[in-house]
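Order of the sequence lines fixes the chain letters, A, B, ..., with proteins taken first and strands second; residue numbering starts at 1 for each chain.
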Amino acid sequence: MFVGSSLIKLYAENACIDDARLLFDIMPNRDCVLWNVMIYGYLKNEDYINAIEVFLEMRKSGTKPNSVTFVSTLSVCATEGIIRLGTQLHGLSVIFGFETDPPVANTLVSVYSKCKHFIDARRVFETMPRTDVVLWNAIISGYVQNGMMEQALDLFNEMIDLGIKPDSVTFSSLLPSIAESTILELGKEAHGYIVRHGVPLDVFLKSALIDLYFKCKDVKMAKRTFEQTSLTDIVIYTGMISGYVLNGMNMDAVETFRKLMDEGKRPNSLTLASLLPACAGLASPRLGKEVHGFALKNGIESRCYVGSAILDMYAKCGRVNLAHNVFKNMSQRD
RNA sequence: AGCAUUCGAGGCG
């Protein structure tokens, strides 16, 4: 049985979710873990309908769910904002006695706060004998995603007062709302806290900091943060490119793209969509063509937003005929 | 013996 679940997991993690399902369907005695792996596999493949479907089938089969079952299925509700099912699952988790299991409670809070049911989120909070940082992060993130910076900051202060140490997830959740406010001083204060308390800098936090500084128009600090450590990945590079573009520094955006290519990083559709406006701004069809060619070669021009960025770029470079060709060849138009 | 929770980059308008 454990061989089966590992195999299904392997398939599901490598974009072979259908193969995972085939295997799952022929397994004779499916235990709880097997169902869980299938639910989670669909979740990771962004197939939320099937994830829920499998959960419902599991209930029908009479297999007893464990806490992981609730965590995975509740995650689907959090991601998709399905409050109705989330509430039902809350009820079920009480029945099965998982309500105060930390990961289950954390995910419940995540569901409620993402759906703006902050009172319910609080209620879960209060049933917990001990709260951990994940629980706080979950609710802070809910506030941030609903554009409620003040409340997020209040909660942040509250957790510190209670002696709970914010971690890198806390900050990578919180910083985007400060970035949106463009209040640089607030951002610097947060950054100061991070440095003073030695909050570990991972790629998530680093890219949040870079983004923050760019959005607050402090290009120097964005650049310094980028260069200060060697931590990089394609998301951080893309953040640098879009940050430069935001600040009208198209040449720097292009240079950053060259650097990332030299380092052998793989740009994706978001990277190109960030870079193309720089080509348009520079009115450089030569550069734009190069990027277009790259997109074609790597099969990432079919993403609609890349197509429209290419189109816009050609139009702004005065190559209306090329723009027209791109439009005709776009596989999906909207 | 096998599964799980909170966080990151995007175009035109």
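- Atom CZ in A/F70 sits about 14 Å away from atom C1' in B/rU5, given to the nearest Å.
- In this structure, A/N14 contributes its side chain and A/C16 its backbone to no donor-acceptor pair below 3.5 Å.
- Within the 4.0 angstrom heavy-atom criterion, base atoms lie near A/S5.
- As judged by a 4.0 angstrom heavy-atom cut-off over every strand, A/D202 is placed among residues making no nucleic acid contact.
- Side-chain atoms of A/K206 come within 3.5 Å of backbone atoms of A/T229 as a donor-acceptor pair (strictly under, hydrogens ignored).
- Under 3.5 Å, the side chain of A/S172 and the base of B/rC7 form at least one donor-acceptor pair of N or O atoms.
- Listed nucleotides: B/rG2, B/rG8, B/rU5. Nearest to the side chain of A/F204: B/rG8.
- In this structure, A/L246 atom CG and B/rA9 atom P are separated by 14 Å, rounded to whole Å.
- Residue A/N66 is classed as a base contact, given a heavy-atom separation below 4.0 Å to a base.
- Considering only side-chain N and O atoms, A/S141 lies under 4.0 angstrom from the phosphate OP1 or OP2 of B/rC7.
- As judged by a 4.0 angstrom heavy-atom cut-off over every strand, A/V104 is placed among residues making no nucleic acid contact.
- Regarding A/L276, its CG atom lies at a distance of 11 Å from the P atom of B/rG11, rounded to whole Å.
- Residue contacts shown for A/V33 include a base, since a base heavy atom lies under 4.0 Å away.
- Taking the six-membered ring for Trp, A/H191 and A/F171 have ring centres at least 6.0 Å apart.
- Judged purely by atom type and a 3.5 angstrom limit, A/D233 uses its side chain to pair as donor or acceptor with the backbone of A/V235.
- OP1 or OP2 of B/rU6 has not a single side-chain nitrogen or oxygen of A/Q145 nearer than 4.0 Å.
- Taking every side-chain heavy atom of A/V134 into account, B/rU6 is the closest of B/rU6, B/rG11, B/rA9.
- Here the two rings, on A/H90 and A/Y112, have centers that are under 6.0 Å apart.
- When heavy atoms are screened at a 4.0 angstrom cut-off, A/S308 is found touching base atoms of the nucleic acid.
- Aromatic ring centres of A/F24 and A/W35 lie closer together than 6.0 Å.
- In this structure, A/I39 atom CD1 and B/rU5 atom P are separated by 13 Å, rounded to whole Å.
- Between the CE atom of A/M58 and the C1' atom of B/rC3 there is a distance of 11 Å, given to the nearest Å.
- Judged by atom type and distance alone, A/D312 does not reach the base of B/rC12 through any side-chain donor-acceptor pair under 3.5 Å.
- Atom P of nucleotide B/rA4 and atom CD1 of A/I8 are separated by 14 Å, given to the nearest angstrom.
- The side chain of A/K316 has B/rC12 as its nearest neighbour among B/rG8, B/rC12, B/rU5.
- Dashed line: the shortest gap from a side-chain N or O of A/K265 to OP1 or OP2 of B/rA9 is not under 4.0 Å.
- For A/N268 against B/rA9, a side-chain N or O and a base N or O form a donor-acceptor pair under 3.5 Å.
- The side chain of A/V68 sits closest to B/rC3 out of B/rC3, B/rG2, B/rC12.
- Separation of the A/W136 and A/F125 ring centroids falls under the 6.0 Å cut-off.
- Distance OH (A/Y244) to P (B/rG11): 17 Å, rounded to an integer number of Å.
- Going from atom CG of A/L135 over to atom P of B/rU5 covers 15 Å, rounded to whole Å.
- If you check every strand for non-hydrogen atoms under 4.0 Å, A/K114 touches sugar and phosphate atoms only.
- Counting any heavy atom pair closer than 4.0 Å across all strands shown, A/I236 reaches a base atom.
- In this structure, the nucleotide among B/rG11, B/rC7, B/rC3 sitting nearest to the side chain of A/P277 is B/rG11.
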